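First up is the structure itself, then whatever we jot down about it.
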Amino acid sequence: MRHVVKRAIKKAFHEIAVEQGIKKIKTEPFEISIPKDEKFGHFSSNLAMVKASLLQRSPKEIANMLEKKLIQNELFESVESAGPGFLNIRIKPDFWVEHMNEIFTSGKSYGRVQVGHDEKVIVEFVSANPTGPLHIGHGRGAVIGDALARILDYAGYKVHTEYYINDIGLQMENLGRSILVRLSELKGEVLKEQPPYKGNYITEIANEYKNSQGKTLVNEDDENVISDAARFAAENILKGITSDLNEFGISFNKWYPESWLHANNKIEQAIEMLTRSGQIYNRDGALWIKTDSQGDEKDRVVKRANGINTYLAADIAYHKSKIDRGFTKFINIWGADHHGYVPRMRAVMVALGENPDNMIVRLVQLVSLKKDGEGIAMSTRDGVFTTLREIMDEVGVDATRFFFLMRSSDSQMEFDVELAKKQSSENPVYYIQYAHARCCNLFVTAKEKNIKQIAFSKVKREALYNADAQKLIRKILQFPDIVSICARSFQAHPVTQYLTEVATLLHYYYRHNRVVTEDEDATQARLCLIQATMITLKNGLNILGIKAPEQM
RNA sequence: GCGCCCGUAGCUCAGAUGGAUAGAGUAUCGGACUCCGAAUCCGGAGGUCGCAGGUUCGAAUCCUGCCGGGCGCACCA
């Protein structure tokens with residue numbers, strides 16, 4: 001609907017420009033917005049103000065000229081120039097109703113848009129080290145990545161999701177060592193050292209490890225034992241992460257292990273390639289990559305003098321594999337503590353021959369935790385954290401997902417555990433789900449009264465001309481716009497806000513307009529509106545990965 | 001010290017590319033079911049948009065400088 005209006009305004013403006021003796025004129029950029037206050041119309045445009053200097057007329061004059069042109073358009077109920085030069089436009093009620101067709105013909109696909117043009121995009125998220133269970137910070141990144149992937153798919157991208165597993169390196173060694181420390185503790189020995197990872201889950205895994213080894217155990221000083229224990233623990237932890245995520249409604253197209261890159265020589269190949277192109281050089285026995293092109297403070301080491309590759313080296317190879325696999329947009333959901341890593345990775349993309357802007361990094365601010373009025377710092381190493389599983393079990397999957405999605409990712413958020421539990425029955429997500437369930441229930445009621453729904457095209461529409469219905473119709477017709485805003489800005493949270501607004505209008509409508517009545521024509525028309533709303537709510541919840549229950 | 005994010009109602013947070021009287025949820029106060037589910041609806045109260053300058057027809061939004069909070073600044077990942 002917005003672009004229909006836009007086209008009409010453009011046309012009118014061109015006519016005026018010609019009348020003023022200006023032949024070539026650009027109308028863009030200008031705005032068609034939906035005013036907060038309905039008295040300013042359904043749409044309003046700032047075109048007259050934007051173009052005032054160009055036509056050498058006052059904004060007010062131009063707005064008046066546009067008004068005269070546009071009022072002749074049969075689409076519009078009213079056109080008014082107002083304020084400093086706004087153009088406020090109202091669409092005829094029946095035209096809004098007519099537009100509902102789009103919802104019925106699209107059905108499950110209503111809201112799909114084409115901003116992606118089938119471009120291949122990879123969304124990498126979570127990618128937490130398999131050294132401990134996921135905590136709520138990971139949970140936030142997980143939901144944001146998952147919802148974004150769903151939205152991009154809905155917006156016409158070819159989406160691939162991936163979890164990168166850091167199953168190699170120092171952290172793995174620490175994990176293995178932690179297991180061995182707990183192992184000797186289980187045997188009743190006095191601890192010689194503190195384990196690098198201190199959480200209770202380490203002891204549990206150590207126990208399982210012991211049982212899996214039978215009686216032929218183990219000389220803790222053996223390096224092979226460390227890596228063996230690490231492998232055992234990582235597999236165990238990864239299983240837990242996978243099932244937590246599954247229960248949280250999240251799965252990946254691919255789990256990509258760092259060890260695969262090593263085993264297949266991908267890191268050496270990448271280093272070799274960049275050495276040949278002059279991006280990597282030798283200094284003091286180590287290999288360095290140039291990264292200052294994108295504002296990084298200094299060049300970075302990829303291979304240490306002792307011959308061991310750094311984490312960055314593996315990440316270079318990993319991103320090279322993304323490019324090699326044909327993706328053209330690369331979305332990385334990272335914790336905000338990685339923001340210093342962004343410039344060097346942009347530089348890496350440039351070195352690999354990519355436009356760095358094709359790598360979109362969403363930094364998810366950390367979740368701080370409030371319990372009993374006090375803040376708790378979270379640390380996997382110290383074993384102090386609230387796990388995603390605890391929150392899921394306490395608050396529920398849908399509410400937890402919605403809670404994370406309500407906030408923009410670059411806003412820090414405080415997760416007050418007590419409050420989240422207490423509010424669980426009044427969480428906005430239930431408000432939206434209830435609206436959906438209400439819609440479903442109306443069809444149950446209609447069925448009980450033996451009312452058979454007829455096709456929208458055959459419905460008498462008068463009942464949809466009243467103000468309550470019109471408000472709701474206008475809102476649900478906005479849905480495709482919301483999807484494209486989210487896809488363009490790579491954010492999910494506008495959807496939550498939008499769905500709350502739809503639910504509000506639905507509840508209001510329900511309270512003030514009886515849907516199923518003796519008046520058959522009106523009932524049919526209203527049922528269509530309810531169905532259209534239901535479709536919108538369901539599709540909207542769907543792209544957030546939240547259930548749309550038929551009853552609650 | 002340098003860099004990134006944040007500062008909006010009592011609390012938790014929205015306000016895309018600058019637009020008309022700054023919004024939602026929650027908390028609080030008052031009201032609404034003989035009627036399709038009251039997990040709902042209606043109304044009241046609640047704000048120097050951290051502070052100070054600047055840019056312009058117009059700034060919560062852009063620029064500069066402060067103040068406050070978080071996070072980074074490795075041959076760790």
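Bear in mind the structure is a predicted one, so any value in this text is a computation, not a measurement. We name chains A, B, ... by the order of the sequence lines, and we start the count at 1 in each one.
- Under the salt bridge (Lys or Arg N to Asp or Glu O under 4.0 Å) criterion, A/E61 pairs with A/R57, not counting sequence neighbours.
- Listed pair A/R511 / B/A38 meets the phosphate criterion, a side-chain N or O lying under 4.0 Å from OP1 or OP2.
- In terms of phosphate contacts, A/K298 brings a side-chain nitrogen or oxygen within less than 4.0 Å of OP1 or OP2 of B/C75.
- Scanning residues 514-533 of chain A for heavy-atom distances under 4.0 Å to RNA chain B yields A/R514, A/V515, A/V516.
- Among residues two or more places apart in sequence or in another chain, the side-chain contact (heavy atoms from CB on, under 4.5 Å) test is passed with A/A128 by A/V126, A/L134, A/H138, A/Y163.
- Partner A/I316 forms a side chain to side chain contact (heavy atoms under 4.5 Å, CB included) with one of A/L261, A/T310, A/V302, A/N309 and no other, that one being A/V302.
- The list of salt bridge (charged side-chain N to carboxylate O under 4.0 Å, His left out) pairs with a residue in residues 396-405 of chain A, not counting sequence neighbours, reads A/D146-A/R401, A/D398-A/K547.
- Evaluation of the salt bridge (charged side-chain N to carboxylate O under 4.0 Å, His left out) test over residues 481-506 of chain A, restricted to residues two or more places apart or in two chains, returns A/R2-A/D481, A/K475-A/E501.
- For residues 515-533 of chain A, every residue pair satisfying the salt bridge (charged side-chain N to carboxylate O under 4.0 Å, His left out) rule, not counting sequence neighbours, is listed here: A/K460-A/D521.
- Counting only residues at least two apart or on different chains, the side chain to side chain donor-acceptor pair (under 3.5 Å) pairs with a member in residues 339-349 of chain A are A/Q294-A/R346, A/D315-A/Y341, A/R346-A/D357.
- Annotation: side-chain contact (heavy atoms from CB on, under 4.5 Å) contacts of A/Y510 (sequence neighbours excluded): A/R438, A/L442.
- The salt bridge (Lys or Arg N to Asp or Glu O under 4.0 Å) test applied to A/E173 returns A/R177, not counting sequence neighbours.
- In this structure, A/R304 does not reach the B/A74 phosphate: none of its side-chain N or O atoms is under 4.0 Å from OP1 or OP2.
- Residue pairs meeting the salt bridge (charged side-chain N to carboxylate O under 4.0 Å, His left out) criterion with at least one partner in residues 128-143 of chain A, sequence neighbours excluded, are absent.
- Pairing analysis of RNA chain B (Watson-Crick: purine N1 to pyrimidine N3 plus N6-O4 or O6-N4; G-U wobble: N1-O2 and O6-N3; both under 3.5 Å) yields stems of 3 or more pairs at B:1-7 with B:67-73, B:10-13 with B:23-26, B:28-32 with B:40-44, B:50-54 with B:62-66.
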In 5'-to-3' order, the base (B), backbone-only (S) or no-contact (-) status of each nucleotide in nucleotides 13-18 of chain B, using a 4.0 angstrom heavy-atom cut-off, is SSS-B-
